[in-house]
Amino acid sequence: MDCENKLYAIREVSELTGVKPVTLRAWQRRYNIIQPQRTDKGHRLYTEQHLEQIKAIQAWLAKGVAIGKVKGLLESGDLNASVTEQTSRLDEVEPLLQALAELSRHRAESIVAAVFKEYPLNIVESRFVNPVFSAIEQMKKGQRSLHFGLIQSIFSAQLSAIIESENKAAHKGKCLVVSFDVLGALSTKMWSLSLLEQGLHISLIEGVSDISGLIDHPSIDKFTHLALHSSQAPSATQVKLLNRLAERLGDKLISNDLLTSLMAVTE
């Protein structure tokens, strides 16, 4: 089968484009875009043209185009159609903030669930999660605490559900994720999702202050990767331990940008 006629399963498309299978399904069902072929058993099959369309959609979304407006651009037939830079945050930010103001957890959960399904992770983080927290930071102390507690619990539950669901389809090995951040930190779970998108099965340990127990732990070798995460710089002692792990594990060790930069400084 030549390249032009090659067909891709939904997991292959996800790996090639970085768009989660649940997002591809949501685009098809809700917005009638990216309509794949089907096997006799109903499995989705995507063509090279579909891959090009997905890449075009990603480019439009990155410029702030709402997913609901993408169909019109696709129907124009010009995948390189120029669009004006849109707002830096999704339209769903305001309805979510209103739901939080009314303490309507159910409505807030519905909005959050839809956004996580319909947009790629980088768009969700930069144009939804970050703007929501920025808006909450501007509130008075009492409101800020209440709204932050509500949205934190909603985001955490949503991310946990996604991790559990995506883990079932992971096929590129088991990854132990160890985080210095406090239990339930969104930053850890958002970063874990990026590993899931690479096909890794995630086992998460949070709130770790000392990683010395990992150095000679016999179970480490049962994992294809060890991933370390922190939103703040750990102590110099912990950074030295990170470097020891790097020496032992080589490419099997994954670290977020902050830890990677600290390890490079101490080499």
Side-chain angles (χ1 to χ4, degrees), residues 10-12 14-23 112 116-117 120-122 124-126 129-130 152-267:
I10 193 167
R11 283 286 165 188
E12 292 179 291
S14 180
E15 292 174 8
L16 289 169
T17 64
V19 180
K20 300 186 298 294
V22 66
T23 300
V112 169
F116 271 91
K117 282 183 179 179
L121 182 60
N122 64 320
V124 172
E125 185 170 13
S126 64
V129 175
N130 291 344
Q152 178 88 3
S153 64
I154 291 173
F155 276 147
S156 181
Q158 180 65 36
L159 290 169
S160 295
I162 293 173
I163 290 173
E164 181 179 357
S165 176
E166 292 296 308
N167 261 342
K168 295 176 181 178
H171 60 286
K172 288 193 173 181
K174 294 183 178 180
C175 178
L176 177 64
V177 179
V178 178
S179 176
F180 287 95
D181 291 0
V182 297
L183 184 66
L186 297 184
S187 56
T188 298
K189 291 184 178 180
M190 291 292 288
W191 189 68
S192 296
L193 282 185
S194 69
L195 300 177
L196 276 167
E197 290 185 343
Q198 298 175 35
L200 294 172
H201 184 285
I202 299 302
S203 295
L204 179 59
I205 302 177
E206 304 170 84
V208 175
S209 59
D210 181 1
I211 60 169
S212 60
L214 291 172
I215 298 298
D216 297 312
H217 201 295
S219 294
I220 293 298
D221 293 330
K222 296 179 181 179
F223 296 90
T224 57
H225 292 85
L226 170 64
L228 299 171
H229 176 273
S230 183
S231 296
Q232 297 182 344
S235 67
T237 299
Q238 295 303 308
V239 175
K240 289 180 180 179
L241 292 171
L242 288 171
N243 281 312
R244 286 182 60 187
L245 283 169
E247 291 175 2
R248 173 188 168 186
L249 298 176
D251 293 339
K252 290 180 61 176
L253 181 69
I254 303 171
S255 56
N256 70 314
D257 291 343
L258 173 61
L259 294 181
T260 299
S261 64
L262 291 173
M263 292 162 65
V265 169
T266 57
E267 286 182 347

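When a residue number appears, it is its place in the shown sequence, counting from 1.
Counting heavy atoms from C-beta outward, Leu228 and Ile254 have side chains that stay 4.5 Å or more apart. Within the 4.5 Å cutoff, side-chain heavy atoms of Pro234 are placed close to those of Leu259. Counting heavy atoms from C-beta on, the side chains of Leu159 and Glu164 never come closer than 4.5 Å. Between Gln152 and Leu186, some side-chain heavy-atom pair lies under the 4.5 Å cut-off. Looking at heavy atoms from C-beta onward, Ser179 lies out of side-chain contact with Val208 at the 4.5 angstrom threshold. Looking at Leu242 and Leu262, their side chains never come closer than 4.5 Å, going by heavy atoms from C-beta outward. Residues Glu206 and Phe180 are not in side-chain contact: their nearest non-hydrogen atoms beyond the backbone lie 4.5 Å or more apart. No side-chain heavy atom of Ile211 sits less than 4.5 Å from a side-chain heavy atom of His217.
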Checking salt bridge (Lys or Arg N to Asp or Glu O under 4.0 Å) for the pair Lys172/Glu166: CA distance, chi angles, key distance, verdict?
-> CA-CA 12 Å; Lys172 288 193 173 181; Glu166 292 296 308; over 6 Å; no
Under the side chain to side chain contact (heavy atoms under 4.5 Å, CB included) criterion, do Leu214 and Leu241 qualify, and how do the steps go?
-> CA-CA 9 Å; Leu214 291 172; Leu241 292 171; over 6 Å; no
Could you please spell out the steps behind the side chain to side chain contact (heavy atoms under 4.5 Å, CB included) verdict for Leu253 and Met263?
-> CA-CA 12 Å; Leu253 181 69; Met263 292 162 65; 3.9 Å; yes
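Salt-bridge annotation for Lys240 and Glu247: absent, with no side-chain N of the basic residue lying under 4.0 Å from a carboxylate O of the acidic one.
Atoms CG and CD1, on Leu196 and Ile162 in that order, are 9.5 Å from each other to the nearest 0.5 Å. Gln238 CD to Asn243 CG: the interatomic distance, rounded to the nearest 0.5 Å, is 12.0 Å. Taken from CG in Leu193 to OG1 in Thr188, the straight-line distance is 11.0 Å, to the nearest 0.5 Å. From Leu121, atom CG reaches atom OG1 of Thr23 across 9.0 Å, with rounding to the nearest 0.5 Å. How far CG of Asp216 is from CZ of Arg248: 6.5 Å, rounded to the nearest 0.5 Å. To the nearest 0.5 Å, the span separating CD1 on Ile202 from CZ on Phe223 amounts to 10.0 Å.
Between the side chains of Asn130 and Glu125, not a single donor N or O lies within less than 3.5 Å of an accepting N or O. Under 3.5 Å, the side chains of Lys189 and Ser156 contain a donor-acceptor pair of N or O atoms.
By the side chain to side chain contact (heavy atoms under 4.5 Å, CB included) test, Ser209 is found to be paired with no residue, residues two or more places apart in sequence or in another chain being considered.
Residues in residues 224-247 take part in these ring-ring contact (aromatic ring centres under 6.0 Å, His included) pairs, two or more places apart or across chains: Trp191-His229.
At distances below 3.5 Å, not a single donor-acceptor pair connects side-chain atoms of Ser203 with backbone N or O atoms of Leu176. The backbone N or O of Ile10 lies less than 3.5 Å from no partner atom in the side chain of Ser14, so there is not a single donor-acceptor pair.
Closest of all the heavy-atom pairs between Asp181 and Ser231 is OD2-OG, 2.6 Å. Nearest heavy-atom pair across Val112 and Ile154 is CG2-CG2, 3.9 Å. The nearest pair of heavy atoms linking Ser192 to Leu204 is OG-CD1, 4.1 Å. The two residues Leu258 and Ala233 make their nearest non-hydrogen contact at CD2-N, 3.7 Å. Nearest heavy atoms, Leu195 versus Cys175: CD1-SG, 4.2 Å.
More than 12 heavy-atom neighbours from other residues, nucleotides or ligands sit within 6.0 angstrom of NZ on Lys20.
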